[in-house]
Amino acid sequence: MAKFLTNRDENYSQWYNDLVIKADLAENSAVRGCMVIKPYGYAIWEKIQAELDRLFKATGHVNAYFPLFIPKSFFSKEAAHVKGFAKECAVVTHYRLKNDENGNVVVDPTAKLEEELIIRPTSETIIWHSYKNWIKSYRDLPILINQWANVVRWEMRTRLFLRTTEFLWQEGHTAHATREEALEEAEKMINVYAGFSENSMALPVIKGYKSENERFAGALDTFAIEALMQDGKALQAGTSHFLGQNFAKAFDVQFTDRTGKLDYVWATSWGVSTRLMGAIIMGHADNHGLVLPPKLAPIQVVIIPIYKNIEQLGTLSDTAKKIKAGLEALGISVKYDDRDNNKPGWKFADYELKGVPVRLAIGPRDLENNTIEVARRDNLTKETIPIDKIYEHIPKLLDDIQENIYNKALNFRKENTFYVDKWDDFLKVLDNQGGFIMAHWDGTVETEEKIKEESKATIRCIPFDSPEEKGKCVYSGKPSNRRVLFARSY
RNA sequence: CGGGGUGUGGCGCAGUUGGUAGCGUACUACGUUCGGGACGUAGGGGCCGGAAGUUCGAGUCUUCUCACCCCGACCA
C-alpha cells in the first residue's frame with residue numbers, strides 16, 4: 001500500500017525525506033538549507049509550542065523578545081562561546097541595495113556598516129548585554145525569561161527539521177544570585193524537557209550530563225535528553241546549560257548580595273527547536289507514514305463518509321456533524337472530510353500518511369445499524385462500535401494510543417540498548433543495528449575522540465541515573481566508575 | 001570542503017545516430033462510480049536550469065556557468 005513512500009528498511013534517510021514532503025510538513029525553499037514549514041507541519045509545531053509555553057509559565061518563566069542582530073563585538077567577549085559559533089555565523093555587512101549601470105541590483109558599497117551585525121546563532125550575548133542594565137541587587141533576581149525565536153547557523157549539511165540553516169526554537173535565559181539556584185534551574189528545565197518528551201511526544205529519553213567535549217560553548221555543564229530513533233541513531237532532543245558566571249563576567253553583570261558584597265550573576269540557558277519535529281517523525285512513523293502522538297496531533301480524529309450519491313452524503317453528514325460537535329465538546333480536534341474529489345480509500349491512505357491517530361468511517365451500512373467504524377493509526381486495527389458509545393470510547397482510545405506508542409518506543413529502546421565491555425563488541429553493535437551502548441569510559445577527552453574517530457559514535461551523555469560501578473574503559477582499559485551512553489547520532 | 005547524482009508542463013519521468021517535445025499523475029468540465037489510493041470522454045498547461053559555441057537545424061554535441069539533492073567531515 002505504501003507505494004508512495006520509500007520503504008523505511010530500504011533507505012531510512014530517503015524514507016524520512018519522503019515522509020516530510022508527502023505528509024505535507026515542509027519543503028525545501030529557494031534558499032539552500034532553509035525550509036518552508038507548511039501549514040500541517042506548522043500546526044504540529046504550534047502544539048509543541050503551546051504545551052512547552054504552558055510548562056515554562058507553570059515553572060515561573062515569562063516570555064520576552066530580543067533582537068535578531070547581534071553586534072559583532074559582543075561575540076568576542078566570551079572566548080569559548082565565539083570559538084563554538086564563529087564558523088557558522090551569517091554576517092550582515094551592508095544596509096542598502098542599488099541599481100548599477102546595467103540595471104542589476106547590487107549591494108551599495110557606500111552603505112557599509114561601521115560594525116557588522118551577526119544574525120543570532122543563539123542569544124546569550126545580546127541578552128546578557130541587557131541583563132547588565134537590569135540587575136543591580138539580589139532583589140532583581142532571579143530573572144526567568146524565555147524567548148521564542150528563529151536563529152541561524154550556517155551548517156554545511158542540512159536536513160529538513162533535523163538541521164536547517166534557519167530554525168525555530170525557544171531559548172530560556174535565566175539569571176540567579178547563587179550557584180546552587182542556577183544549577184537547580186538548569187536541572188529543573190532538563191526535567192521539564194524530559195517530561196514533555198515522554199508525556200507529549202511519547203518518546204522516552206535518557207537524561208544526563210554532556211562530556212566536556214560535547215558541552216555547549218561557554219557552559220560549565222550541559223544537561224541533555226537523548227532519544228533513540230528507529231534506525232538506531234541517537235537524537236539530542238533538548239539541552240539545558242549551567243553557564244556559571246561566564247557570561248556575567250564577559251558582560252560585567254554584578255549585583256549586591258544580601259550582605260552588601262558584589263558578586264557576578266549565575267546563569268543558565270536552555271532550548272529545544274523544530275528538531276523535535278524530526279524526533280516525532282523518526283521516533284514513531286512507519287511505512288504507511290507519520291504516526292502522531294494524539295497529544296500533538298493537529299487533527300486527532302478524522303471522519304470520512306462513505307456514500308453512493310449526494311442524497312446519501314446529506315444524511316451521513318447530519319450524523320457526522322453531530323459526532324464532530326460531540327467530540328469537540330470533549331476537547332478533541334476533529335476534521336470531517338466530505339470532499340467529493342477523492343474516494344474513501346484515497347482518504348484512508350492520506351490520513352494514514354499524515355499520522356492522524358483515529359479515523360472514523362461512516363457509511364449507509366452504519367446508519368442502518370447505528371454503528372461507526374473506528375480505525376487506529378498506531379496499530380492499523382479497525383473495529384465497529386455503536387455510535388452512542390464513541391463519546392466514551394474515543395477519549396480513552398486517544399489515551400491508549402498515546403500510551404501505546406510510548407511503550408512501543410520504550411520497548412524499542414530497551415531492545416536496542418546494549419551493555420558492552422569489549423571494544424570488538426562495541427564496533428559490532430554499531431555495525432549490526434546501532435542503538436544505545438552503555439559502556440565504561442576512562443573520562444578523558446583523548447579516549448572520547450579516539451572512539452569517535454574509530455567508530456563514529458560519541459558520548460551522548462553521562463546518564464544521571466547511571467549507577468556507580470567499577471569497570472574498565474571499553475577503549476583504553478583504564479579504570480572507570482560508571483557507564484556512559486554512547487551512540488551514533490544525528 | 002571532498003565524493004556521487006539530478007535539472008524537460010504543478011509533481012514524477014521518457015526522449016534512440018541532432019529534424020522542431022511526449023507519457024504517467026495532478027488540474028478543468030461532464031457523465032458513471034464511491035466500505036482501502038475508481039473509470040470514460042473532452043480540455044488547458046512546457047522558449048527542455050542559464051550563457052556562449054558547432055550546425056541549414058540542438059532537449060540531444062562542445063565549453064563555461066548556476067542551482068538543488070544524496071553520502072562524508074562540522075553541528076541543535
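Any value given below was found using the heavy atoms of this structure, including those in side chains, with hydrogens, waters and symmetry copies removed.
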For every nucleotide of nucleotides 66-71 of chain B, 5' to 3': is a protein heavy atom under 4.0 Å from its base (B), only from its sugar-phosphate (S), or from neither (-)? --SSSB
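- Contacts between residues 355-369 of chain A and RNA chain B, defined by a heavy-atom separation below 4.0 Å, involve Arg359(A), Ala361(A), Gly363(A), Pro364(A), Arg365(A), Asp366(A), listed by number.
- Partners of Asn309(A) by side-chain contact (heavy atoms from CB on, under 4.5 Å), not counting sequence neighbours, listed by chain and number: Glu311(A), Gln312(A).
- Between A58(B) and C13(B), the two P atoms lie 28 Å apart (nearest whole Å).
- In this structure, the salt bridge (charged side-chain N to carboxylate O under 4.0 Å, His left out) partners of Lys57(A), at least two apart in sequence or on a different chain, are Asp53(A).
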Counting only pairs under 3.5 Å, give me each side-chain donor-acceptor contact of residues 289-296 of chain A, with atom names and distances, residues two or more places apart or in other chains.
none

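- Residues satisfying the salt bridge (charged side-chain N to carboxylate O under 4.0 Å, His left out) test with Arg377(A), not counting sequence neighbours, are Asp286(A).
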With pairs defined as Watson-Crick or G-U wobble and both distances under 3.5 angstrom, please note down RNA chain B as a dot-bracket string, | for pairing with another strand. (((((((..((((.....[..)))).((((((.....)))))).....(((((..]....))))))))))))....
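- Here Glu184(A) pairs with nothing under the salt bridge (charged side-chain N to carboxylate O under 4.0 Å, His left out) rule; sequence neighbours left out.
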Tabulate protein N/O versus nucleotide N/O from nucleotides 38-41 of chain B, keeping only pairs under 3.5 Å, one per line.
unit_1: A38(B); atom_1: O4'; unit_2: Lys343(A); atom_2: NZ; d: 3.4

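- U32(B) and A14(B) have their P atoms separated by 39 Å, given to the nearest Å.
- The separation of G46(B) from C61(B), taken at their C1' atoms, amounts to 23 Å, rounded to a whole angstrom.
- Remark: Lys98(A) pairs with Val106(A), Asp108(A), Pro109(A) by the side-chain contact (heavy atoms from CB on, under 4.5 Å) rule, at least two apart or across chains.
- With hydrogens and angles ignored, a donor-acceptor pair under 3.5 angstrom links the side chain of Glu352(A) to the base of G36(B).
- With sequence neighbours left out, Gln14(A) forms a side-chain contact (heavy atoms from CB on, under 4.5 Å) with Thr6(A), Asn11(A), Asp18(A).
- Comparing C74(B), G36(B), G72(B) by their nearest atom to the side chain of Ala349(A) picks out G36(B).
- Proximity of Lys452(A) to the phosphate of C74(B): a side-chain N or O atom is located under 4.0 Å from OP1 or OP2.
- At a cut-off of 3.5 angstrom, counting only N and O atoms as typed in the model, there is no donor on one side facing an acceptor on the other between the side-chain of Lys308(A) and the base of G35(B).
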Dump the intermediate steps for salt bridge (charged side-chain N to carboxylate O under 4.0 Å, His left out) on Arg54(A) and Glu51(A), then the final yes or no. CA-CA 5 Å; Arg54(A) 190 185 71 75; Glu51(A) 176 59 8; 3.0 Å; yes
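- For Asn309(A) and Leu235(A), each mapped to the nucleotide of RNA chain B holding its nearest heavy atom, the one lying further toward the 5' end belongs to Asn309(A).
- Going from the C1' atom of U55(B) to that of U62(B) covers 12 Å, rounded to whole Å.
- With sequence neighbours excluded, the residues forming a side-chain contact (heavy atoms from CB on, under 4.5 Å) with Ser455(A) are Trp423(A), Phe426(A), Leu427(A), Leu430(A), Ile451(A), Ala457(A), listed by chain and number.
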